[in-house]
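Have a look at the structure below before the remarks.
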Amino acid sequence: MDPQEMGKFGVAILGSLALVVICNFVGSEVVQVQYPERPAYQVAGMNGPDVDLAGLRRSWPQALASDADRAKLLGYMHNMPRTISASLAVEGGAPAALAEETLPDFASAIPSADRAAGELVAERCAQCHDWSKGGPNRIGPNLFGLIGRPRAAHEGFNYSTAMQSKGGTWTYDEIFRYLRSPARYIPGNKMAFAGVPHASDRLNLIAFMRSWADAPAALPAPTASGHR
Ligand code: HEC
(Lines give C-alpha, C1' and ligand atoms only; values in the text may rest on other atoms or scores of the structure.)
Protein backbone atom coordinates (compact mmCIF):
# COMPACT_ATOMS: atom_id res chain seq x y z
CA MET A 1 0.00 0.00 0.00
CA ASP A 2 1.54 3.30 -0.99
CA PRO A 3 1.64 6.27 1.40
CA GLN A 4 -1.08 8.09 -0.54
CA GLU A 5 -3.50 5.19 -0.10
CA MET A 6 -2.67 4.95 3.61
CA GLY A 7 -3.50 8.63 3.87
CA LYS A 8 -6.93 7.95 2.36
CA PHE A 9 -7.57 5.24 4.91
CA GLY A 10 -6.50 7.54 7.69
CA VAL A 11 -8.89 10.24 6.50
CA ALA A 12 -11.71 7.71 6.17
CA ILE A 13 -11.22 6.44 9.74
CA LEU A 14 -10.91 9.90 11.25
CA GLY A 15 -13.92 11.00 9.23
CA SER A 16 -16.12 8.19 10.59
CA LEU A 17 -14.97 8.89 14.13
CA ALA A 18 -15.84 12.54 13.73
CA LEU A 19 -19.24 11.53 12.38
CA VAL A 20 -19.91 9.33 15.42
CA VAL A 21 -18.99 12.17 17.76
CA ILE A 22 -21.20 14.61 15.87
CA CYS A 23 -24.18 12.22 15.78
CA ASN A 24 -23.79 11.56 19.47
CA PHE A 25 -23.72 15.28 20.24
CA VAL A 26 -26.66 16.11 18.01
CA GLY A 27 -28.58 13.09 19.29
CA SER A 28 -28.25 14.05 22.93
CA GLU A 29 -29.19 17.65 22.14
CA VAL A 30 -32.30 16.62 20.21
CA VAL A 31 -33.57 13.87 22.46
CA GLN A 32 -33.75 15.01 26.07
CA VAL A 33 -34.24 11.96 28.24
CA GLN A 34 -36.51 12.62 31.23
CA TYR A 35 -35.79 10.37 34.16
CA PRO A 36 -38.53 10.02 36.77
CA GLU A 37 -37.49 11.55 40.05
CA ARG A 38 -39.53 9.13 42.10
CA PRO A 39 -39.59 5.34 41.64
CA ALA A 40 -42.75 4.18 39.89
CA TYR A 41 -43.28 1.45 42.45
CA GLN A 42 -42.22 0.82 46.01
CA VAL A 43 -40.23 -2.29 46.78
CA ALA A 44 -41.26 -3.67 50.16
CA GLY A 45 -38.62 -2.99 52.79
CA MET A 46 -36.95 -0.28 50.74
CA ASN A 47 -36.76 3.16 52.30
CA GLY A 48 -37.95 5.11 49.27
CA PRO A 49 -36.59 8.65 49.61
CA ASP A 50 -33.19 7.45 50.89
CA VAL A 51 -32.32 5.95 47.55
CA ASP A 52 -32.17 8.15 44.47
CA LEU A 53 -33.30 5.60 41.89
CA ALA A 54 -33.34 8.09 39.04
CA GLY A 55 -29.82 9.18 39.81
CA LEU A 56 -28.73 5.60 40.10
CA ARG A 57 -30.22 4.71 36.74
CA ARG A 58 -28.56 7.73 35.09
CA SER A 59 -25.18 6.72 36.39
CA TRP A 60 -25.61 2.96 36.31
CA PRO A 61 -22.70 1.97 34.01
CA GLN A 62 -20.42 4.42 35.73
CA ALA A 63 -21.93 3.82 39.13
CA LEU A 64 -18.72 2.48 40.53
CA ALA A 65 -16.64 5.45 39.40
CA SER A 66 -16.93 7.51 42.57
CA ASP A 67 -17.25 6.65 46.23
CA ALA A 68 -20.58 8.46 46.51
CA ASP A 69 -22.07 6.49 43.64
CA ARG A 70 -20.68 3.27 45.01
CA ALA A 71 -22.35 3.99 48.33
CA LYS A 72 -25.60 4.72 46.51
CA LEU A 73 -25.44 1.44 44.61
CA LEU A 74 -24.67 -0.51 47.77
CA GLY A 75 -27.50 1.24 49.58
CA TYR A 76 -29.85 0.22 46.81
CA MET A 77 -28.69 -3.38 46.80
CA HIS A 78 -28.85 -3.52 50.56
CA ASN A 79 -32.49 -2.55 50.42
CA MET A 80 -33.49 -5.06 47.78
CA PRO A 81 -35.99 -7.47 49.27
CA ARG A 82 -34.27 -10.50 50.66
CA THR A 83 -36.13 -12.83 48.37
CA ILE A 84 -34.74 -11.08 45.33
CA SER A 85 -31.20 -11.06 46.65
CA ALA A 86 -31.61 -14.73 47.51
CA SER A 87 -32.69 -15.65 44.02
CA LEU A 88 -29.82 -13.64 42.55
CA ALA A 89 -27.24 -15.26 44.81
CA VAL A 90 -24.79 -17.23 42.70
CA GLU A 91 -23.74 -20.80 43.39
CA GLY A 92 -26.50 -21.34 45.90
CA GLY A 93 -24.90 -18.97 48.40
CA ALA A 94 -27.38 -18.55 51.25
CA PRO A 95 -28.38 -14.96 52.06
CA ALA A 96 -26.37 -13.46 54.89
CA ALA A 97 -27.63 -14.32 58.37
CA LEU A 98 -29.70 -11.82 60.34
CA ALA A 99 -28.68 -10.86 63.82
CA GLU A 100 -30.10 -13.27 66.40
CA GLU A 101 -33.45 -12.26 67.79
CA THR A 102 -34.57 -13.32 71.23
CA LEU A 103 -37.81 -15.26 71.16
CA PRO A 104 -40.61 -13.64 73.11
CA ASP A 105 -42.46 -15.49 75.84
CA PHE A 106 -45.51 -16.36 73.81
CA ALA A 107 -47.56 -17.24 76.87
CA SER A 108 -47.58 -13.59 77.91
CA ALA A 109 -46.85 -11.83 74.59
CA ILE A 110 -49.71 -13.33 72.57
CA PRO A 111 -52.57 -12.41 74.93
CA SER A 112 -51.28 -8.84 75.14
CA ALA A 113 -50.73 -8.52 71.37
CA ASP A 114 -53.03 -6.43 69.17
CA ARG A 115 -55.20 -8.78 67.11
CA ALA A 116 -56.80 -6.01 65.08
CA ALA A 117 -53.36 -4.77 64.04
CA GLY A 118 -52.49 -8.38 63.21
CA GLU A 119 -55.46 -8.57 60.89
CA LEU A 120 -54.01 -5.65 58.93
CA VAL A 121 -50.64 -7.41 58.69
CA ALA A 122 -52.47 -10.49 57.39
CA GLU A 123 -53.63 -8.51 54.38
CA ARG A 124 -50.13 -9.03 53.03
CA CYS A 125 -50.68 -12.79 53.15
CA ALA A 126 -54.14 -12.71 51.57
CA GLN A 127 -52.87 -12.27 48.05
CA CYS A 128 -51.48 -15.81 48.23
CA HIS A 129 -53.22 -17.55 51.14
CA ASP A 130 -56.78 -18.39 52.09
CA TRP A 131 -57.30 -19.30 55.76
CA SER A 132 -60.99 -20.11 55.84
CA LYS A 133 -62.05 -23.56 56.99
CA GLY A 134 -62.11 -25.92 53.99
CA GLY A 135 -60.96 -23.03 51.78
CA PRO A 136 -58.79 -23.54 48.70
CA ASN A 137 -55.07 -23.63 48.23
CA ARG A 138 -54.03 -20.61 46.24
CA ILE A 139 -50.49 -19.56 45.35
CA GLY A 140 -49.72 -20.75 48.86
CA PRO A 141 -51.47 -23.45 50.91
CA ASN A 142 -54.64 -22.87 52.92
CA LEU A 143 -53.59 -21.81 56.43
CA PHE A 144 -56.64 -22.86 58.49
CA GLY A 145 -55.45 -24.51 61.69
CA LEU A 146 -51.84 -23.58 60.98
CA ILE A 147 -50.69 -23.31 64.60
CA GLY A 148 -49.76 -26.83 65.68
CA ARG A 149 -50.07 -28.27 62.18
CA PRO A 150 -47.18 -30.34 60.78
CA ARG A 151 -45.12 -28.48 58.23
CA ALA A 152 -45.98 -28.93 54.53
CA ALA A 153 -49.06 -30.97 55.42
CA HIS A 154 -52.00 -29.24 53.76
CA GLU A 155 -53.77 -31.60 51.41
CA GLY A 156 -53.46 -30.98 47.70
CA PHE A 157 -50.69 -28.39 47.89
CA ASN A 158 -47.49 -28.96 45.99
CA TYR A 159 -44.85 -27.91 48.55
CA SER A 160 -41.22 -27.29 47.66
CA THR A 161 -38.67 -29.92 48.57
CA ALA A 162 -37.09 -27.41 50.96
CA MET A 163 -40.37 -27.01 52.87
CA GLN A 164 -41.07 -30.73 52.91
CA SER A 165 -37.63 -31.77 54.06
CA LYS A 166 -37.49 -29.25 56.91
CA GLY A 167 -40.05 -31.33 58.84
CA GLY A 168 -41.40 -30.45 62.28
CA THR A 169 -44.51 -28.58 63.35
CA TRP A 170 -45.68 -24.98 63.05
CA THR A 171 -45.33 -24.05 66.69
CA TYR A 172 -45.54 -20.41 67.81
CA ASP A 173 -41.80 -19.97 67.67
CA GLU A 174 -41.43 -21.70 64.27
CA ILE A 175 -44.02 -19.37 62.74
CA PHE A 176 -42.41 -16.39 64.44
CA ARG A 177 -38.96 -17.28 63.08
CA TYR A 178 -40.11 -18.27 59.58
CA LEU A 179 -42.11 -15.09 59.01
CA ARG A 180 -39.20 -12.87 59.97
CA SER A 181 -37.40 -13.93 56.80
CA PRO A 182 -38.82 -16.95 54.99
CA ALA A 183 -35.90 -17.15 52.56
CA ARG A 184 -33.37 -17.28 55.37
CA TYR A 185 -35.20 -19.55 57.72
CA ILE A 186 -35.98 -22.20 55.11
CA PRO A 187 -33.57 -21.58 52.22
CA GLY A 188 -35.04 -22.66 48.92
CA ASN A 189 -38.69 -22.58 50.01
CA LYS A 190 -40.93 -21.06 47.36
CA MET A 191 -42.86 -18.47 49.36
CA ALA A 192 -41.89 -15.30 47.51
CA PHE A 193 -42.38 -13.00 50.47
CA ALA A 194 -39.71 -10.80 52.05
CA GLY A 195 -40.96 -11.30 55.60
CA VAL A 196 -42.37 -9.27 58.47
CA PRO A 197 -39.30 -7.63 60.02
CA HIS A 198 -40.81 -6.22 63.21
CA ALA A 199 -41.33 -8.65 66.05
CA SER A 200 -44.38 -6.74 67.28
CA ASP A 201 -46.07 -7.05 63.87
CA ARG A 202 -45.40 -10.78 63.89
CA LEU A 203 -46.83 -11.15 67.40
CA ASN A 204 -49.95 -9.26 66.41
CA LEU A 205 -50.26 -11.41 63.30
CA ILE A 206 -49.89 -14.65 65.26
CA ALA A 207 -52.46 -13.44 67.77
CA PHE A 208 -54.86 -12.95 64.85
CA MET A 209 -53.81 -16.29 63.35
CA ARG A 210 -55.19 -18.08 66.40
CA SER A 211 -58.62 -17.30 65.01
CA TRP A 212 -57.81 -19.46 61.96
CA ALA A 213 -59.02 -22.56 63.78
CA ASP A 214 -62.15 -24.06 65.33
CA ALA A 215 -60.67 -23.20 68.73
CA PRO A 216 -57.55 -21.05 69.32
CA ALA A 217 -54.42 -23.20 69.64
CA ALA A 218 -53.16 -23.58 73.22
CA LEU A 219 -50.40 -21.21 74.26
CA PRO A 220 -47.03 -22.69 75.19
CA ALA A 221 -45.95 -22.81 78.83
CA PRO A 222 -44.36 -19.55 80.00
CA THR A 223 -40.59 -19.54 79.62
CA ALA A 224 -38.58 -18.98 82.79
CA SER A 225 -36.95 -15.79 81.49
CA GLY A 226 -40.20 -14.51 80.05
CA HIS A 227 -41.79 -13.49 83.38
CA ARG A 228 -42.02 -9.79 83.68
C1 HEC B 1 -46.37 -14.21 47.14
C2 HEC B 1 -47.22 -15.22 47.74
C3 HEC B 1 -47.17 -15.40 49.23
C4 HEC B 1 -47.34 -14.46 50.22
C5 HEC B 1 -47.55 -12.96 50.05
C6 HEC B 1 -47.29 -15.17 51.45
N7 HEC B 1 -47.10 -16.51 51.23
FE8 HEC B 1 -46.97 -17.94 52.63
N9 HEC B 1 -46.56 -19.33 51.22
C10 HEC B 1 -46.54 -19.10 49.86
C11 HEC B 1 -46.12 -20.29 49.16
C12 HEC B 1 -45.96 -20.44 47.65
C13 HEC B 1 -45.90 -21.27 50.14
C14 HEC B 1 -45.38 -22.68 49.95
C15 HEC B 1 -43.89 -22.67 50.24
C16 HEC B 1 -43.16 -23.94 49.85
O17 HEC B 1 -43.78 -24.98 49.64
O18 HEC B 1 -41.92 -23.84 49.78
C19 HEC B 1 -46.20 -20.64 51.42
C20 HEC B 1 -46.13 -21.29 52.64
C21 HEC B 1 -46.47 -20.72 53.84
C22 HEC B 1 -46.46 -21.42 55.11
C23 HEC B 1 -46.14 -22.88 55.32
C24 HEC B 1 -47.49 -23.60 55.33
C25 HEC B 1 -47.46 -25.10 55.51
O26 HEC B 1 -48.49 -25.72 55.31
O27 HEC B 1 -46.40 -25.67 55.84
C28 HEC B 1 -46.82 -20.51 56.05
C29 HEC B 1 -46.93 -20.73 57.54
C30 HEC B 1 -47.08 -19.27 55.38
N31 HEC B 1 -46.84 -19.42 54.04
C32 HEC B 1 -47.51 -18.11 56.01
C33 HEC B 1 -47.64 -16.88 55.38
C34 HEC B 1 -48.03 -15.67 56.07
C35 HEC B 1 -48.44 -15.59 57.51
C36 HEC B 1 -47.97 -14.67 55.15
C37 HEC B 1 -48.21 -13.19 55.37
C38 HEC B 1 -47.44 -12.56 56.40
C39 HEC B 1 -47.59 -15.26 53.87
N40 HEC B 1 -47.40 -16.60 54.07
C41 HEC B 1 -47.45 -14.57 52.69
C42 HEC B 1 -46.83 -17.89 49.23
C43 HEC B 1 -47.01 -16.69 49.89
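Each ligand, and each atom within it, is numbered from 1 in the order the structure gives. Residue numbers count from 1 along this sequence.
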Quick one: pull up [atom1] in [X] and [atom2] in [Y] and give me the separation to the nearest 0.5 Å.
X    : Y    : atom1 : atom2 : value
I139 : D130 : CD1   : CG    : 12.0 Å
R151 : Y178 : CZ    : OH    : 8.5 Å
L203 : I175 : CG    : CD1   : 11.5 Å
I206 : I110 : CD1   : CD1   : 5.0 Å

Exercise. With a 4.0 Å heavy-atom cut-off (strictly under), which part of L179 contacts ligand 1: side chain, backbone, both or neither?
Worked result: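 Within the 4.0 Å criterion, L179 contacts ligand 1 through side-chain atoms alone.
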Check for me whether [X] has a heavy atom closer than 4.0 Å to any atom of ligand 1.
X    : value
R149 : yes
P141 : yes
I139 : yes

Problem set entry | Distance-only N or O hit between ligand 1 and A152, under 3.5 Å |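 A152 vs ligand 1: N/O contact under 3.5 Å present.
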For this session: Could you say whether the N/O atoms of K190 and ligand 1 ever approach to under 3.5 Å?
Result: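 Yes, there is a polar N/O contact under 3.5 Å.
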Can you sort out which atoms of ligand 1 are near [X], meaning under 4.0 Å from one of its heavy atoms?
X    : value
A192 : 1 (C)
M209 : 35 (C)
C128 : 1 (C), 2 (C), 3 (C), 4 (C), 5 (C), 42 (C), 43 (C)
F193 : 5 (C), 38 (C), 41 (C)
L146 : 29 (C)

Can you tell if the side chain of [X] reaches within under 4.5 Å of the side chain of [Y], non-hydrogen atoms only?
X    : Y    : answer
H129 : P141 : yes
E119 : S211 : no
R149 : L146 : yes
R124 : V196 : yes
I186 : M191 : no

Can you tell me the protein heavy atom closest to [atom] and the distance?
atom                    : result
atom 22 (C) of ligand 1 : Y178 CE2, 3.9 Å
atom 18 (O) of ligand 1 : S160 OG, 2.5 Å
atom 32 (C) of ligand 1 : L143 CD1, 3.7 Å
atom 26 (O) of ligand 1 : Y159 OH, 2.5 Å
atom 23 (C) of ligand 1 : W170 CZ2, 3.4 Å
atom 14 (C) of ligand 1 : F157 CE2, 3.6 Å

For this session: Decide, counting backbone as well as side-chain atoms, whether C125 has an N, O or S atom less than 2.8 Å from atom 8 (Fe) of ligand 1.
Result: no
Exercise. Which option, E174, Q127, H129, owns the non-hydrogen atom nearest atom 8 (Fe) of ligand 1?
Worked result: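 The nearest heavy atom belongs to H129.
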Exercise. Taking the minimum heavy-atom distance to atom 5 (C) of ligand 1, which of R124, R202, R151 ranks first?
Worked result: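 Nearest option to atom 5 (C) of ligand 1, by heavy atoms: R124.
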For this session: Heavy atoms only: give me the nearest L219-F106 pair and the separation to one decimal.
Result: CD2-O, 4.0 Å
Problem set entry | F144 reachable from W170 in the ILVMFWY side-chain graph, under 4.5 Å edges |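 Not linked; separate clusters.
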For this session: Kindly indicate whether a cation-pi arrangement holds for K166 with Y159, taking the cut-offs as under 6.0 Å to the six-membered ring centre and within 45° of the axis.
Result: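 The answer is no; the distance or angle limit is not met.
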